[in-house]
Protein chains: 2
Amino acid sequence: MSPEANFLIDHAYTTSRINKKVDASLSYHGISFTEFLIMHHLFNSPLQTMRRIELAECVGITASGVTRLLAPMEKIRIVEKESNPRDARQSLVKLTQAGEQLYKDALVSFEHCSKDVLANLSVKQIDNMANLFGKI
Amino acid sequence: MSPEANFLIDHAYTTSRINKKVDASLSYHGISFTEFLIMHHLFNSPLQTMRRIELAECVGITASGVTRLLAPMEKIRIVEKESNPRDARQSLVKLTQAGEQLYKDALVSFEHCSKDVLANLSVKQIDNMANLFGKI
DNA sequence: GACGAAAGCTTGACTACTCAAATATTTATG
DNA sequence: CATAAATATTTGAGTAGTCAAGCTTTCGTC
């Protein structure tokens with residue numbers, strides 16, 4: 001078996017362990033990793049608003065996945081809809097004040113979890129991996 | 001945001017893209033990545049049989065996930081049940097002849113896909129990443 | 001400036017899981 | 001050796017998505 005194939009198999013295993021740790025860490029705030037990613041991209045987008053299709057691309061799910069994910073988040077007022085006067089097809093998404101605070105709180109846990117997950121690697125090694133991953 | 005947190009976020013994105021490519025490549029054989037992983041671990045286990053709980057650990061899902069995943073695979077005779085005379089609780093899983101052939105065929109696609117996914121990386125870089133991933 | 005094609009989003013039906021509880025069997029202990 | 005605890009698996013109910021089809025709005029072209 002080639003090193004490429006072996007890597008993908010090992011990678012799948014490691015990824016599943018990482019995701020479990022991250023989900024466990026964020027569950028304290030009542031959110032999943034995917035919901036955290038949504039909030040992360042909203043928070044860091046220039047106008048704090050994004051189209052649903054952009055969010056889908058960013059977090060690696062489909063547009064309908066975004067619709068279903070956002071529905072409960074709107075209900076508890078973490079995010080809200082905003083319409084684009086220039087294009088009535090679009091339904092822009094925005095973090096509410098509460099959503100912004102929740103993101104900041106969750107980020108603290110996420111930072112802790114990240115450092116825990118990657119505790120055996122130096123910053124140089126992480127940068128190196130990040131660089132290699134960027135090529136994929 | 002720390003390099004660790006940034007890495008996990010980028011990693012999630014890249015992983016989703018990798019999984020999509022792998023699933024697309026294996027769909028030609030009518031199987032998912034998870035099913036491929038099951039067959040892979042069965043094929044490479046010393047006696048070609050494993051307990052469901054071992055499979056669950058290997059592929060990073062729960063025992064009940066394994067039950068549900070294997071049900072259709074048994075139905076189309078890719079895998080079969082075998083009982084352990086020493087322990088009646090166990091229900092061992094084994095690749096059938098057809099399952100073994102399917103695995104070998106799927107492996108060819110998986111190898112192609114792996115090389116394609118990692119085309120921009122040298123073998124040395126892949127080994128390096130595999131090594132770093134092993135520390136996680 | 002009408003109209004077919006494309007973009008953005010949602011919905012219905014489905015898949016691939018998860019978790020908690022139930023069942024069956026084995027192991028350990030008093 | 002009886003019985004409590006632990007192990008292996010399955011099942012019921014729920015969650016997190018997917019895909020294909022549909023609706024509405026915009027764009028491109030003639």
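In what follows, chains carry the letters A, B, and so on, assigned in the order in which the sequence lines appear, proteins first and then strands, with residues in each chain numbered from 1.
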Between C:dC9, D:dT25, D:dA8, spot the one nearest the side chain of A:Ile53, thanks.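 Looking only at side-chain atoms, A:Ile53 lies closest to C:dC9.
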
Among C:dT11, D:dT11, C:dC17, which nucleotide sits nearest the side chain of B:Leu69?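 Side chain of B:Leu69 sits closest to C:dC17.
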
Side chain to side chain donor-acceptor pair (under 3.5 Å) assessment of A:Thr96 paired with A:Glu80: CA-CA 6 Å; A:Thr96 62; A:Glu80 58 194 4; over 6 Å; no

I want to check one thing: is the phosphate of D:dT10, taken as OP1 and OP2, less than 4.0 Å away from some side-chain N or O of B:Arg52?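 So the side chain of B:Arg52 is within the cut-off, an N or O lying under 4.0 Å from OP1 or OP2 of D:dT10.
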
Here the pair of heavy atoms bringing B:Asn6 nearest to B:Met1 is ND2-CG, 3.8 Å

Can you label the angle between the A:His11 ring and the A:Phe133 ring as parallel, tilted or perpendicular, going by 30° and 60°? tilted

Any donor-acceptor pair under 3.5 Å joining the side chain of A:Ser64 to the base of D:dC19?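 Pair found.
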
Donor-acceptor pair, distance only, cut-off 3.5 Å: does the side chain of B:Ser25 make one with the backbone of B:Lys21?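 No, the answer is negative, given that no donor and acceptor are paired below the 3.5 Å cut-off.
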
Do B:Tyr13 and A:Glu57 have side-chain atoms, one donor and one acceptor, less than 3.5 Å apart? yes

Pairing donors with acceptors under 3.5 angstrom, does anything connect the side chains of B:Asp116 and B:His112?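 Distance-only check fails for B:Asp116 and B:His112.
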
Which comes earlier along DNA chain D counting from the 5' end, the contact point of B:Arg51 or that of A:Asn84, where each point is its nearest nucleotide?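 Going by which nucleotide is closer to the 5' end, it is B:Arg51.
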
If you pin A:Gly60 and B:Ser91 to their nearest nucleotides in DNA chain D, which one's is more 5'? B:Ser91

Quickly work out the [X] [atom1] to [N] [atom2] distance and round it to whole Å.
{"X": "A:Glu74", "N": "C:dT10", "atom1": "CD", "atom2": "P", "result": "8 Å"}
{"X": "A:Ile61", "N": "D:dA16", "atom1": "CD1", "atom2": "P", "result": "11 Å"}
{"X": "B:Lys20", "N": "D:dT18", "atom1": "NZ", "atom2": "C1'", "result": "10 Å"}
{"X": "B:Arg68", "N": "D:dT9", "atom1": "CZ", "atom2": "C1'", "result": "12 Å"}
{"X": "B:Glu82", "N": "D:dA8", "atom1": "CD", "atom2": "C1'", "result": "17 Å"}
{"X": "B:Met50", "N": "D:dA8", "atom1": "CE", "atom2": "C1'", "result": "14 Å"}
{"X": "B:Arg89", "N": "D:dT7", "atom1": "CZ", "atom2": "P", "result": "9 Å"}

Close approaches to DNA chain D from residues 21-48 of chain A, in residue order (heavy atom, under 4.0 Å): A:Thr34

With a 4.0 Å cut-off on heavy atoms, is A:Lys81 in touch with a base, just the backbone sugar-phosphate, or nothing at all?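 Since only primed, P, OP1 and OP2 atoms lie under 4.0 Å of A:Lys81, the category is sugar-phosphate.
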
By the 4.0 Å heavy-atom rule, please label A:Ala88 as base, sugar-phosphate, or nothing.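 It contacts sugar-phosphate atoms only.
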
